[in-house]
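Worth knowing before you read on, the calculation uses all heavy atoms, side chains too, and leaves out hydrogens, waters and symmetry mates. Along the sequence shown, the residues carry numbers beginning at 1.
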Amino acid sequence: MRILEMVVLGFGLLLLIVCSAGNGKYRKIRWAVSAAAGIASVLHLLVEGYRWQLYPAYIVTLVLIITTLFRQDGVKKTRGIIRYPLLGFAGLLLALSVFLAAAMPVFKLPKPDGEEAVGTVSYQWTDQERLESYTPEPKDVRKLMVQMWYPAKTVNGTPMTVFPEEPALFREYMNVFAESMHLPGFALDYWKYARSNSFEEAPVQAAERPYPLIIINHGMGTSRLLQTSQAEHLASHGYIVVAIDHTYSTAATAFPDGTVTNFRSETSADDFFGSAGAIGELWTQDVAFVIRQLEAMNSGQVQSPFAGYLDMNNIGTMGHSFGGATAFEAVYSIESIKAGINMDGTLFTVDNRSQINKPFMFLQSDNAVQIKEAYDKDTLPDNVREHLLKEMDIINRAVERGGFHLRIKGSAHYNFTDLQLYSPLIKYTGMTGDIEGHRGADIVNRYVLDFFNHYLKGTGGELLKGPRKDYPEVEFQQTTMNRGVF
């Protein structure tokens with residue numbers, strides 16, 4: 001909870017206690033506590049902003065202050081048969097606010113542990129060579145929003161909010177996320193207060209050599225914003241990170257002209273892998289286009305503060321879910337990418353992919369075990385079973401050629417995103433697993449960093465040597481299944 005929230009709740013409880021006493025000798029104390037509670041509430045609303053989780057506490061505090069003003073002995077004069085139930089109900093309301101505020105806190109993303117401060121900037125890039133396939137306009141070309149995080153000079157001020165501050169756009173995001181968790185739209189309103197560790201448009205930190213590049217791809221129907229803490233962690237350790245919003249495959253994407261695009265990348269139930277492959281090809285083309293834009297920025301052909309700071313010879317890519325599958329396809333098909341990571345993503349293209357000869361790491365949740373059980377019981381449709389067998393063969397070949405296949409015990413699909421940091425209640429939706437959110441984020445961040453340090457900087461690699469006592473949740477998968485690996 002935020003500091004003034006705790007103060008408001010504390011004074012609410014104290015006010016309830018002194019009002020219940022009600023004797024005349026407590027009148028001055030009651031007035032003093034009422035004044036303090038009122039001042040604390042006003043400061044909280046002005047400085048921190050309201051939260052619906054505290055509505056019960058607001059109501060109790062207001063009623064008790066009014067009671068103090070208009071009844072000399074607080075609630076003491078109310079008949080006992082009514083007074084005690086009322087006091088008990090007020091206590092329950094305060095307890096409810098405490099529970100809601102703690103269970104759904106105004107979160108701040110974990111502070112990166114690298115030496116560098118983190119700056120961020122967003123761009124709209126337009127690919128004039130590709131027509132947009134999700135709009136009816138015949139001349140509409142592909143437009144992308146990308147966000148970059150980078151080592152920055154230390155700056156004063158307040159870091160950016162995680163989500164856009166513009167109210168209409170914020171509501172777009174919240175409605176989509178609330179729907180996915182089967183919640184009413186207002187339930188996530190408090191996310192508007194959440195802050196990152198990035199400073200918008202901070203000056204780039206000068207360095208003797210260019211910074212390696214990491215390209216991040218979000219999951220299907222989510223947003224680049226869910227990978228913010230991963231990007232900040234890498235940037236604090238000397239990487240420039242570029243996260244792509246794959247237009248019409250996000251919950252919402254806002255462009256500088258005020259346009260907000262929504263989700264249109266539906267897959268076919270009759271031909272899932274075929275339609276997924278078409279979307280994946282589009283995302284992979286997005287990655288290739290972003291790399292060309294970065295090359296232009298680095299050379300000075302496109303004006304930016306990153307000229308000369310981008311190491312175009314050391315590019316990695318990573319992603320979650322469908323974005324992880326895109327990372328694999330990009331590593332396979334784009335020559336300039338040296339290494340990649342797939343975080344819990346089923347591959348959309350498996351034919352002729354087992355010959356990948358670049359370093360690649362597969363991070364998987366406990367869901368992989370459930371898939372294996374279904375495979376072993378022969379309960380999968382034939383086309384899914386065949387696709388899975390080919391995918392396992394790809395993973396096996398990648399491991400044989402120096403790659404890695406790790407399972408994080410206690411994790412579920414969204415433990416590879418920042419969603420696990422938003423509330424401890426999210427695990428009850430099944431989106432995240434039993435592993436504590438900050439612990440899950442720390443494990444992912446450390447193994448991702450160690451992998452890219454090893455293959456893009458020539459350092460690190462200690463975590464990749466095998467199981468460790470300090471990370472017992474991480475299992476190195478070795479068991480084969482018909483040429484596959486689980």
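- Salt bridge status for Lys143 with Glu132: absent, with no side-chain N to carboxylate O gap under 4.0 Å.
- With respect to Tyr150, the ring-ring contact (aromatic ring centres under 6.0 Å, His included) criterion is satisfied by exactly one of Phe306, Phe199, Tyr309: Phe306.
- The backbone N or O of Leu4 sits less than 3.5 Å from a side-chain atom of Glu48, completing a donor-acceptor pair.
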From CA spacing to verdict: side-chain contact (heavy atoms from CB on, under 4.5 Å), Val399, Phe362: CA-CA 9 Å; Val399 172; Phe362 294 87; 5.7 Å; no

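- By the 4.0 Å N-to-carboxylate-O rule, Asp442 lies close enough to Arg446 to be salt-bridged with it.
- With hydrogens and angles ignored, the 3.5 Å screen pairs a side-chain donor or acceptor of Glu232 with a backbone N or O of Asn197.
- In this structure, Val242 and Ile216 have side chains that are not in contact, with every pair of non-hydrogen atoms separated by 4.5 Å or more.
- Here the CD-CG distance, from Gln285 to Leu144, works out to 11.0 Å after rounding to the nearest 0.5 Å.
- For the pair Asp245 (side chain) and Thr247 (backbone), a donor-acceptor distance under 3.5 Å is absent.
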Check against side-chain contact (heavy atoms from CB on, under 4.5 Å), Phe348 and Ile279: CA-CA 9 Å; Phe348 48 74; Ile279 298 170; over 6 Å; no

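- Remark: the backbone N or O of Gln53 is paired with a side-chain donor or acceptor of Ser97 at under 3.5 angstrom.
- Remark: Lys390 engages Asp351 in a salt bridge, criterion side-chain N to carboxylate O under 4.0 Å.
- For the pair Arg171 and Asp189, the salt-bridge criterion is not met [side-chain N within less than 4.0 Å of a carboxylate O].
- Between Arg130 and Asp127, at least one side-chain nitrogen of the basic residue sits less than 4.0 Å from a carboxylate oxygen of the acidic one, meeting the salt-bridge criterion.
- Atom CD of Gln355 sits in a crowded spot, with more than 12 heavy atoms from other residues, nucleotides or ligands closer than 6.0 Å.
- Under the ring-ring contact (aromatic ring centres under 6.0 Å, His included) test applied with Tyr422, the options Tyr190, Tyr193, Phe107 reduce to a single match, Phe107.
- Salt bridge status for Glu473 with Arg407: absent, with no side-chain N to carboxylate O gap under 4.0 Å.
- Considering only heavy atoms from C-beta on, Gln230 comes within 4.5 Å of Met318 through its side chain.
- Note: Tyr455 and Phe451 meet the aromatic proximity criterion, with ring centroids under 6.0 Å apart.
- Between the side chain of Asp450 and the backbone N or O of Gly461 there is at least one donor-acceptor pair closer than 3.5 Å.
- Using a 3.5 Å distance cut-off with no hydrogens or angles, the side chains of Asn396 and Glu400 do pair a donor with an acceptor.
- Under the 4.0 Å criterion applied to side-chain N and carboxylate O atoms, Arg468 and Glu462 are not assigned as salt-bridge partners.
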Pair Asn217-His320, side-chain hydrogen bond (donor to acceptor under 3.5 Å, both in side chains): steps then yes or no: CA-CA 7 Å; Asn217 302 279; His320 168 245; over 6 Å; no

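- In this structure, the side chain of Asp418 does not engage the main chain of Leu421 through any donor-acceptor pair within 3.5 Å.
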Stepwise side-chain contact (heavy atoms from CB on, under 4.5 Å) test for Thr459 and His454: CA-CA 5 Å; Thr459 62; His454 189 59; over 6 Å; no

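- Defined by atom type and a distance below 3.5 Å, a donor-acceptor pair is missing between the side-chain atoms of Tyr239 and Asn314.
- Minimum heavy-atom separation, Leu96 to Pro56: CD2-CG, 4.0 Å.
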Working for side-chain hydrogen bond (donor to acceptor under 3.5 Å, both in side chains), residues Ser365 and Asp344: CA-CA 6 Å; Ser365 68; Asp344 217 37; 2.9 Å; yes

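- Note that the NE2 atom of His44 and the CD1 atom of Ile3 stand 13.0 Å from one another [nearest 0.5 Å].
- A salt bridge is defined here as a Lys NZ or Arg NE, NH1 or NH2 lying under 4.0 Å from an Asp or Glu carboxylate O, and Arg2 with Glu5 meets this definition.
- Other residues, nucleotides and ligands contribute at most 12 non-hydrogen atoms within 6.0 Å of the CZ atom of Phe99.
- Side-chain contact check for Arg292 versus Glu129: every heavy-atom pair is 4.5 Å or farther apart.
- Side-chain atoms of Thr326 come within 3.5 Å of backbone atoms of Phe322 as a donor-acceptor pair (strictly under, hydrogens ignored).
- Residues forming a side-chain contact (heavy atoms from CB on, under 4.5 Å) with Thr222 (at least two apart in sequence, or on another chain): His218, Leu226, Tyr414.
- Remark: the Ser265 side chain and the Ser249 side chain contain an N/O donor-acceptor pair separated by less than 3.5 Å.
- For the pair Lys358 (side chain) and Ile337 (backbone), a donor-acceptor distance under 3.5 Å is present.
- Between Gln147 and Thr120, the side chains place a donor N or O and an acceptor N or O closer than 3.5 Å (distance only, hydrogens not considered).
- Between the side chain of Ser321 and the main chain of Gly219, no donor-acceptor pair closer than 3.5 Å is present.
- Going from atom CG of Asn357 over to atom CZ of Arg401 covers 6.5 Å, rounded to the nearest 0.5 Å.
- Taking 4.5 Å as the limit, every side-chain heavy atom of Trp191 sits out of range of all side-chain heavy atoms of Val162.
- Scanning both residues, Glu436 and His438, for their nearest heavy atoms gives OE1-N, 3.0 Å.
- In this structure the side chain of Met343 reaches within 4.5 angstrom of the side chain of Ile341, judged on heavy atoms.
- Classification of the Trp283-His246 ring pair by plane angle, with boundaries at 30° and 60°, yields parallel.
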Check against side-chain hydrogen bond (donor to acceptor under 3.5 Å, both in side chains), Lys338 and Asn313: CA-CA 8 Å; Lys338 291 182 64 174; Asn313 294 317; over 6 Å; no

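- Among the candidates Val241, Ile291, Ile240, Ile334, the single residue satisfying the side chain to side chain contact (heavy atoms under 4.5 Å, CB included) test with Ile215 is Ile291.
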Derivation and outcome, side-chain contact (heavy atoms from CB on, under 4.5 Å), residues Phe328 and Arg353: CA-CA 9 Å; Phe328 176 83; Arg353 293 296 188 269; 3.9 Å; yes

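- Under a 3.5 Å cut-off, the side chain of Asp366 and the backbone N or O of Gly433 do not form any donor-acceptor pair.
- The shortest non-hydrogen separation linking Ala102 to Pro105 is O-CD, 3.5 Å.
- A salt bridge does not link Asp311 with Arg209: none of the charged nitrogens is closer than 4.0 Å to a carboxylate oxygen.
- Atom-to-atom distance recorded for Tyr447:OH and Leu363:CG is 10.0 Å, nearest 0.5 angstrom.
- For the residue pair Asp113 / His237, a side-chain donor-acceptor distance below 3.5 Å is found, with atom types taken as modelled.
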Worked verdict on Glu391 versus Thr346 for side-chain hydrogen bond (donor to acceptor under 3.5 Å, both in side chains): CA-CA 8 Å; Glu391 180 172 333; Thr346 297; 4.7 Å; no

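- Taking the six-membered ring where tryptophan is involved, the planes of Tyr173 and Phe177 are essentially parallel, since the angle between them stays under 30° and well short of 60°.
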